[in-house]
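Here the structure is laid out as C-alpha cells; the discussion comes afterwards.
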Amino acid sequence: MVALLTRGREKSNRQAVMTAIFLLLKRSEAPVAAPLLRFTLMLLASLSAAGVLNAPPDAAAAERTCGPDALGVSRVVEIDRSKGTAVGLQSYPRTLDLRDHEVVLTFDDGPASPTPQVLDALAKECARVTFFLIGRNAESLPALVKRAAADGHTIAHHSYSHPDKTLRLMSEDAAKADIDKGINAVNKALGAAAAPFFRFPGFADTPALVADLSSRGYTIFGSDLWASDWSHMTPKAELDLVLSRLEKNRKGIVLFHDSQAITAQMLPEFLRELKKRGYSLVHITPGDAPTPIVAAGPDWTSTTEPIIAKTLGPKAKQAPQAHEHDHEHGAQEAPKSGAP
C-alpha cells in the first residue's frame with residue numbers, strides 16, 4: 001500500500017510538471033518553444049535524478065512543514081532483526097550505544113484516547129519515536145495504529161492484554177500465548193509486520209520468555225530512564241521530573257505512556273526543551289546492521305527488579321538475566337542507570 005501511494009505521488013508530481021511545461025509551450029511562439037522544451041526536459045530529468053520528484057511522501061511533508069526550529073531526527077539507528085538482544089540499563093546490563101545528548105523516545109500502552117494529541121505534538125516537531133502497543137488496544141483502534149505508522153513512527157509490541165499479574169506470574173505457555181496474540185493483533189491492525197521489538201509489561205520478564213523472543217529475532221527494550229507518568233502529578237511536574245533525570249543521564253532510551261493524558265499535555269514543551277537544551281533525537285528501526293550496544297559499568301544494578309519484587313510479592317522470583325553482566329565483544333561501558 002505504501003509503495004502504491006508513493007508511486008501515485010510520484011506520478012502526480014510528474015504530471016504537474018508536465019502540465020506546467022505544456023502551458024508554457026502553448027503560450028510561447030514556435031521559435032522559442034523548441035529551446036524552452038529542451039531546457040524544461042533537461043530540468044525534469046535533473047529533478048528526477050536528484051530524487052526531488054521521487055521523494056517519499058513523509059519526507060516531502062516534513063520538508064514543507066518543519067523548519068530549522070523543529071526538533072526533527074538527527075539520525076536513524078538500525079536494530080538487528082536477525083539477532084535478538086535485551087537493552088535498557090534499568091533492567092539489563094547493556095543499552096544502545098548513543099552519543100552524548102542523544103535520546104530515543106518510546107511510548108507504551110497505546111493506542112489510547114490521548115494518542116492523537118501525542119501524534120500531533122510529534123508531527124509538529126518532525127519527531128519520530130517507537131510505540132509499544134497493547135494488542136487489544138490495537139484491535140480497538142486500528143486507525144491510530146495506521147496513523148502512527150504513516151507518520152513515520154516505529155510500531156512495536158507490548159503483549160496482548162498487559163496482564164495485571166504480569167507475564168512473569170503466568171505459566172510459560174500462557175505468557176507465550178499472550179505475547180503471540182498481541183503480535184498478531186498489532187500486525188493485523190497495522191496491515192503489515194511491525195518491528196521485532198518487544199517490551200515486557202512492568203518489565204517483568206523471565207529467562208525463558210527472553211530466550212524465546214530473542215531466538216525469533218526480537219530485541220527486548222527496557223529503558224534507561226522513565227517519566228513516572230503513571231503517578232499522579234501535573235504535566236509541569238512530569239516535565240520537570242523527566243528533564244532532571246535526562247540531565248543526570250545525559251542520554252538514553254526514555255519511557256513515556258501515550259495512554260496518559262498528562263504526557264500528551266506535557267509533550268509539546270518537552271520536545272521544545274530537548275531542542276533548546278541541545279539534545280538530538282535518534283529513531284530506531286529494524287535493519288540488517290549489528291545493533292550498536294554498550295555494556296554497563298561494573299557497579300551496575302537493576303532498577304526494576306526491586307520494584308517488581310515489592311509490587312508482585314514473594315511469588316516474583318528475580319529474573320536471573322537481570323544480573324548477567326556479559327560485556328559483549330567490542331562494547332564500551334555505559335553509566336549506571338539513573339534513579340526511577
Side-chain angles (χ1 to χ4, degrees), residues 77-97 104 106 108 130 132-135 154-163 165-187 193-224 253 255 284-296 300-309 311-312 315-331 334 337:
V77 168
E78 289 190 357
I79 307 298
D80 192 344
R81 74 182 97 214
S82 65
K83 182 182 179 183
T85 187
V87 296
L89 291 174
Q90 290 187 296
S91 298
Y92 306 103
R94 69 195 73 83
T95 192
L96 296 180
D97 190 7
V104 172
T106 65
D108 283 8
T130 299
F132 290 88
L133 304 185
I134 296 175
T154 297
I155 307 301
H157 304 285
H158 196 43
S159 81
Y160 178 80
S161 65
H162 199 298
K165 62 180 181 178
T166 78
L167 297 172
R168 185 179 291 188
L169 295 186
M170 297 170 68
S171 71
E172 184 177 335
D173 287 344
K176 286 182 178 179
D178 193 273
I179 290 171
D180 287 341
K181 187 176 181 181
I183 291 171
N184 292 333
V186 169
N187 290 348
F197 304 162
F198 186 84
R199 180 176 275 147
F200 279 89
F203 302 105
D205 60 5
T206 71
L209 294 176
V210 169
D212 176 65
L213 285 165
S214 297
S215 70
R216 293 192 272 162
Y218 280 81
T219 290
I220 296 152
F221 282 84
S223 60
D224 295 322
I253 304 166
L255 167 65
I284 53 173
T285 62
D288 301 316
T291 303
I293 296 294
V294 59
W300 176 86
T301 57
S302 170
T303 302
T304 55
E305 281 303 320
I307 297 172
I308 294 170
T311 303
L312 301 184
K315 291 183 179 180
K317 296 180 180 179
Q318 194 170 54
Q321 80 276 0
H323 290 290
E324 290 175 3
H325 205 138
D326 53 335
H327 287 257
E328 300 191 17
H329 181 68
S337 171

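Just so you know, these numbers come straight off a predicted model, no measurement behind them. Residue numbers count from 1 along this sequence.
- Considering only residues two or more places apart in sequence or on other chains, D180 meets the side chain to side chain contact (heavy atoms under 4.5 Å, CB included) condition with I183, R216.
- The shortest side-chain heavy-atom distance between D205 and Y92 falls under the 4.5 Å cut-off.
- Between the CZ atom of F221 and the CG atom of D108 there is a distance of 11.5 Å, given to the nearest 0.5 Å.
- Atom CG of L213 sits about 5.0 Å away from atom CZ of F200, to the nearest 0.5 Å.
- Note that the CD1 atom of I253 and the OG1 atom of T130 stand 9.5 Å from one another [nearest 0.5 Å].
- T85 and R94 share no donor-acceptor pair across their side chains, judged by distance under 3.5 Å alone.
- For H158, the side-chain hydrogen bond (donor to acceptor under 3.5 Å, both in side chains) partners are D109, H162, not counting sequence neighbours.
- Residues satisfying the salt bridge (charged side-chain N to carboxylate O under 4.0 Å, His left out) test with K176, not counting sequence neighbours, are E172.
- When all heavy atoms of S91 and T304 are compared, the closest pair comes out as OG-OG1, 3.0 Å.
- Between the S214 side chain and the A211 main chain, no donor and acceptor come within less than 3.5 Å of each other.
- Applying the side-chain hydrogen bond (donor to acceptor under 3.5 Å, both in side chains) test to S161 and every residue at least two apart in sequence or in another chain returns D178.
- Between the CG atom in L209 and the CD1 atom in I179 there is a gap of 4.5 Å [rounded to 0.5 Å].
- Two residues are said to be in side-chain contact when any heavy atoms from C-beta on lie closer than 4.5 Å; H157 and N187 meet this criterion.
- Here K181 pairs with Y160 under the side chain to side chain contact (heavy atoms under 4.5 Å, CB included) rule; sequence neighbours left out.
- With sequence neighbours excluded, the residues that form a side chain to side chain contact (heavy atoms under 4.5 Å, CB included) with T285 are V76, E78, T154, H283.
- In this structure, S159 has no side-chain hydrogen bond (donor to acceptor under 3.5 Å, both in side chains) partners at least two apart in sequence or on a different chain.
- Minimum heavy-atom separation, P201 to L167: CD-CD1, 3.8 Å.
- Residues S223 and Q90 have side chains that bring a donor and an acceptor to within less than 3.5 angstrom of each other.
- Scanning both residues, V186 and A156, for their nearest heavy atoms gives CG1-O, 4.3 Å.
- Evaluation of the ring pair (Phe, Tyr, Trp, His ring centres under 6.0 Å) rule for Y218 yields no partner, not counting sequence neighbours.
- Considering only heavy atoms from C-beta on, L169 comes within 4.5 Å of L312 through its side chain.
- Heavy atoms only, all atoms of each residue included: G222 and F203 are closest at CA-CE2, 3.7 Å.
- Residues G84 and T219 approach most closely at CA-OG1, 4.1 Å, considering heavy atoms.
- Under the side chain to side chain contact (heavy atoms under 4.5 Å, CB included) criterion, A174 pairs with M170, S171, not counting sequence neighbours.
- Atoms CD1 and OG, on I308 and S302 in that order, are 6.5 Å from each other to the nearest 0.5 Å.
- Atom OG1 in T106 sits 5.5 Å away from atom CZ in F132 (nearest 0.5 Å).
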Counting only pairs under 3.5 Å, give me each side-chain donor-acceptor contact of residues 286-295, with atom names and distances, residues two or more places apart or in other chains.
unit_1: D288; atom_1: OD1; unit_2: R81; atom_2: NE; d: 3.2
unit_1: T291; atom_1: OG1; unit_2: D80; atom_2: N; d: 2.8

